[in-house]
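Presented below is the structure to which this report refers.
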Amino acid sequence: MSEILIKNGFVFDPLNNINGEKIDIAVKDGKIVEKVSSKAKVIDASDMIVMPGGVDIHSHIAGSKVNAGRVLRPEDHVKDFEVKTKITRSGVGYSVPSTFTTGYRYAKMGYTTVFEPATPPLKTRHTHEELRDIPIIDKGCFPLLGNNWFIMEYLKEEKLEECAAYISWLLNAVKGYAIKIVNPGGTEAWGWGREIAYLDEEIPYFNVTPKEIVRWLCKINNILNLPHPIHVHTNNLGKPGNYVTTIETMDAVKDLSKDGEVSIHVTHVQFNGFAGTSWLNLASGASEIADYINKNTHVEIDVGQITFADTTTMTADGPFQYILYLLSREKWVNADVEAETGAGIVPFRYKKSNYVNAIQWGIGLELALLIKDPWKIHMTTDHPNGGPFTHYPKVIAWLMSGKAREKTINKINKNAKRRLDLPGIDREYTLYEIAIITRAATAKSLGLKNKGHLGVGADADIAIYDLNYKKLESSKDYKLIKKAFKRAAYTIKNGEIVAKNGEIVDSSKGKIYWVNSKVADDIQKAMLSNLKTKFEDYYTIKMENYVINESYLRNSCMLNVQSEV
Amino acid sequence: MEKTIYNAVCTICGCCCDDLEVKVGDGKIVEVKNACAISLSKFQNYNSEERIIKPMIKKNGEFKECSFKEAAEKASMILAEAEYPLIYGLSLTSTEAIGKAVELAEVLGGVIDNTTSVCHGPSLIGVHDIGVVTCTLGEIKNRADLIIYWASNPVFSHPRHLARYTIFSKGKFRKERKERKLIVVDVRKTATAKLADIFIQAIPNQDYELLSALRMAVKGEEIYLDEVAGVPVNKIEELADLMISCEFGVLFFGLGLTMSLGKSRNIDAALSLVRDLNEKTKFLIMPMRGHYNVTGANEVIAWQTGYPFAVDFSQGYPKYNPGETTTIELLTRGECDAALIIGSDPAAHFPVSAVKHLMKIPVITIDPHKNATTLISNVVIPTAITGIEVEGTVYRMDGVPLECKKLVEPPLGLKSDEEILTEILANVKKLKG
Ligand code: SF4
């Protein structure tokens with residue numbers, strides 16, 4: 001297999017404490033190695049920066065709701081299409097790109113791993129079909145479990161071990177990677193057109209509360225030793241005053257942290273960081289949330305930065321999407337999934353001139369700038385909810401340059417500008433910190449030991465950006481930053497150059513990660529014998545047909561996890 | 001030796017029932033349990049005289065049997081030489097095969113379209129305009145207390161729909177028939193209508209008016225007419241009240257709505273009605289998709305190209321404009337110069353103007369059975385039947401994907417649609433350089 005030597009680049013590898021040092025990186029057989037032979041292809045990375053390939057922890061790229069978003073919006077595709085080349089398939093882009101285009105666009109930006117954070121288990125076969133088609137990048141998906149009937153019933157009956165065995169079985173059955181919770185209990189209530197407003201409110205017919213669900217799943221996450229903490233989209237998303245719910249949710253699992261380790265990943269916190277009591281006095285709750293996170297070690301977040309785009313919002317939070325429809329009177333898709341979850345989709349345009357949108361933009365950046373430890377932050381736009389993932393370079397520029405922020409601040413709604421703390425914050429991210437929030441921290445949080453760093457033995461997923469570190473004045477040079485991160489000079493995936501100067505040169509297939517969780521045989525057996533009849537009661541398909549065989553995945557990459565039961 | 005295969009997926013209608021018990025003996029299907037009448041007859045007759053066993057190429061107006069390789073090469077040549085070929089059909093095959101067909105269309109710079117074009121195309125166009133409030137069928141089984149079939153007669157078209165998913169199904173919150181109300185709206189008293197608690201007979205081609213009146217009634221607006229679409233206004237108001245006061249309602253609609261006067265406008269009205277109802281209660285809507293994988297065809301084409309059907313690759317990227325890039329229009333305007341038909345019989349079902357053009361251009365058919373289209377084809381490639389002789393993924397009408405099983409061996413030498421398309425694709429790539 002091929003050998004590559006990347007010479008003279010300034011390397012940013014936070015997991016190995018490397019901060020801009022000139023180090024040569026050797027690649028052989030898809031891995032980072034000590035050294036290579038003289039036959040190795042040499043990449044001259046002088047005046048460039050070298051980072052591990054980007055790892056995106058939360059981006060809606062595949063599955064039934066993403067595809068429903070595509071079908072909903074032909075107008076999204078007409079303005080942004082990609083022509084077929086000798087190497088690449090054609091496709092369409094902008095806010096809900098087609099599968100091939102998704103892979104190429106990530107690779108062009110130096111990203112090599114992306115996780116789809118919301119797959120309804122019943123339709124995960126669909127998610128895997130799309131993941132199979134997304135080229136180049138490694139992938140995985142998080143099954144939605146926060147409104148699952150079986151789990152709520154186990155909780156009611158306090159059958160912890162059996163529930164852990166069920167979740168272990170489910171992750172295996174659908175080849176999922178982590179426990180995802182969206183609006184716990186609220187999406188179930190939406191099955192009746194109702195909502196859940198408080199963490200202690202009982203869910204109709206199930207008599208358990210959102211707080212109990214989150215704690216229950218956090219405990220099970222611990223028992224199963226899953227590689228990633230529970231991934232939580234909190235209740236009350238998108239509602240004024242919801243920062244309180246967000247902090248309450250974080251606090252609900254504080255005591256479940258093992259040795260102060262992270263016990264909860266709260267996702268797209270920008271959407272859950274609203275202070276104020278109405279849309280008229282909406283304000284940023286970022287400082288309160290940041291304060292909580294700065295004082296605690298058991299929580300990390302991703303941002304869900306909005307980027308002032310015409311985009312397509314999509315979540316498993318059916319009731320929230322309905323509210324968004326009522327606000328926007330745009331077109332609306334709702335798609336509830338039996339015994340499990342739901343989904344909603346509404347097109348949305350974030351405008352700088354709009355007070356609420358401007359505050360939202362500010363919240364995202366305030367969160368990233370006020371939380372002191374970058375290892376607790378992950379950069380996302382919650383693609384496509386806050387904006388398309390292709391806008392990441394813009395977000396990086398905002399984080400690295402006060403001037404870039406100022407330029408946008410001067411264009412946003414004046415009242416919003418007055419009410420945000422953002423204009424007074426002068427922190428600027430360093431490249432080292434950018435490497436943390438876009439690859440090192442994310443890989444670590446996902447428990448992917450061979451990703452997000454460039455140490456010997458790591459996967460040779462590497463991004464080289466044409467950015468002269470020694471000459472860079474990030475505050476001033478934000479345009480250069482944006483340009484460099486938009487088109488990686490080289491993206492290396494699995495030891496092969498896949499993109500060069502922002503063009504795809506090799507379109508291979510990435511791996512699919514999933515967790516092979518094991519519990520004791522007797523517990524598993526007892527659980528299965530009960531599950532079968534109930535399964536037939538709740539579902540319209542047979543249990544056997546729910547299971548996705550490993551052969552269904554292209555390039556399956558199984559992570560063995562031994563549980564404590 | 002006999003064996004029984006459990007939980008097999010029925011690859012006939014959009015219900016995709018996945019509980020068939022198929023007994024196989026001597027390499028043949030001997031018994032099928034849980035199947036409806038349509039399903040039974042397919043399982044009994046899939047290997048009838050209509051089955052094609054050998055590939056054929058037409059020479060001087062006569063079919064000559066040939067090898068697969070020859071047929072695939074001839075097909076590839078025809079397609080590669082065409083400037084603007086059409087690939088059509090695809091609702092009776094696996095998603096894996098559909099994916100290959102999309103790639104082939106792209107490489108050829110042609111058009112890919114599926115049978116949605118002539119059935120639920122307007123439903124998808126309605127979704128582009130309005131969106132859709134929907135769910136999986138199990139939500140209905142578990143929760144629905146009001147079920148409406150509008151211009152759809154599932155007793156004939158989807159025989160197990162009522163038992164598995166709607167009025168006769170047993171769910172968590174609704175266990176019996178008497179806990180649910182069934183309303184049928186149709187132009188005649190169908191077999192389904194006979195089971196209904198309320199049957200509303202409407203004048204043909206006036207669905208739009210009736211749906212609009214219902215929307216007004218749901219919004220509490222007064223209708224200053226005595227009747228709409230032949231239905232007395234007080235009955236419309238009663239119906240609106242029923243819809244508002246149910247806990248969980250669903251409206252299923254069939255081709256009687258998509259293909260009657262107004263087409264996508266009818267669907268706009270139905271989608272809007274259901275959307276409006278959600279301000280008062282929980283209500284959902286679902287098209288009654290006919291073939292077992294027509295939904296899958298929309299899904300695959302959408303994730304690969306962004307659009308659900310009628311995608312034109314002639315510019316090197318996906319372009320979509322139903323009415324322009326849809327099959328009937330392309331054929332009627334005489335624009336495509338070759339056609340590849342997979343699992344469909346356009347010659348029997350299309351308007352004469354379209355069939356006339358089809359008869360003028362080289363046609364390749366990939367199908368397990370003889371039909372009107374194979375007769376007018378230049379190359380016929382028989383295949384193994386998905387869900388009986390080969391496996392593959394299919395999408396139920398509500399988008400739930402299922403993997404269908406292989407039950408018996410195909411007749412000697414027959415390959416799957418996916419394999420054949422893969423071979424043609426490889427040939428075409430070579431020919432096109
Ligand atoms: S209802 Fe449809 S899918 Fe079910 S058995 Fe009958 S034909 Fe097959």
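Every chain is numbered from 1 and lettered A, B, ... according to where its sequence line falls, protein lines coming before strand lines.
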Checklist entry - So which residues of residues 268-279 of chain B are in contact with chain A at a heavy-atom cut-off of under 4.5 Å? => result R275(B), N278(B), E279(B)
Checklist entry - Between K141(B) and Y539(A), what is the shortest heavy-atom contact and its length? => result NZ-O, 2.7 Å
Next on the checklist: Does any backbone or side-chain atom of W149(A) lie under 4.5 Å from a heavy atom of chain B? Answer side chain, backbone, both or neither.
Outcome noted: side chain
Next on the checklist: Just by distance, no angles: are the side chains of D18(B) and N545(A) close enough, under 3.5 Å, to form a donor-acceptor pair?
Outcome noted: yes
Item to check | S90(A) side, atom OG; E103(B) side, atom CD - distance, nearest 0.5 Å | outcome: 10.0 Å
Item to check | Which atoms of Y546(A) approach chain B - backbone, side chain, both or neither, heavy atom under 4.5 Å | outcome: neither
Next on the checklist: Does any backbone or side-chain atom of I134(A) lie under 4.5 Å from a heavy atom of chain B? Answer side chain, backbone, both or neither.
Outcome noted: neither
Next on the checklist: Less than 4.5 Å to any heavy atom of chain B: does that hold for the side chain of E129(A), its backbone, both, or neither?
Outcome noted: both
Item to check | Residues of residues 243-251 of chain B near chain A, each having a heavy atom less than 4.5 Å away | outcome: E247(B), F248(B)
Checklist outcome for this item: So, the part of T305(B) with a heavy atom under 4.5 Å from chain A: the answer is backbone
Item to check | Interface moiety of A68(A) toward chain B, non-hydrogen atoms closer than 4.5 Å | outcome: neither
Checklist entry - Which pair of non-hydrogen atoms, one from W303(B) and one from D133(A), has the smallest distance, and what is that distance? => result NE1-OD2, 2.8 Å
Item to check | Minimal non-hydrogen separation, R125(A) against T393(B), with atom names | outcome: CD-CG2, 4.0 Å
Next on the checklist: Looking at every non-hydrogen atom in both residues, tell me the closest pair between D537(A) and N142(B) and how far apart they are.
Outcome noted: O-OD1, 3.8 Å
Next on the checklist: Using the ring centroid of each side chain, check whether W192(A) and F173(B) are separated by less than 6.0 Å.
Outcome noted: yes
Item to check | Interface moiety of L124(B) toward chain A, non-hydrogen atoms closer than 4.5 Å | outcome: side chain
Item to check | Contact class of K405(B) relative to chain A, heavy atoms under 4.5 angstrom | outcome: side chain
Next on the checklist: Under 4.5 Å from any heavy atom of chain B, what part of S64(A) do you find: side chain, backbone, both or neither?
Outcome noted: neither
Checklist entry - Just by modelled atom types, is the E338(A) backbone N or O under 3.5 Å from a matching donor or acceptor in the T136(B) side chain? => result yes
Item to check | Y395(B) ring center near H126(A) ring center (under 6.0 Å) | outcome: yes
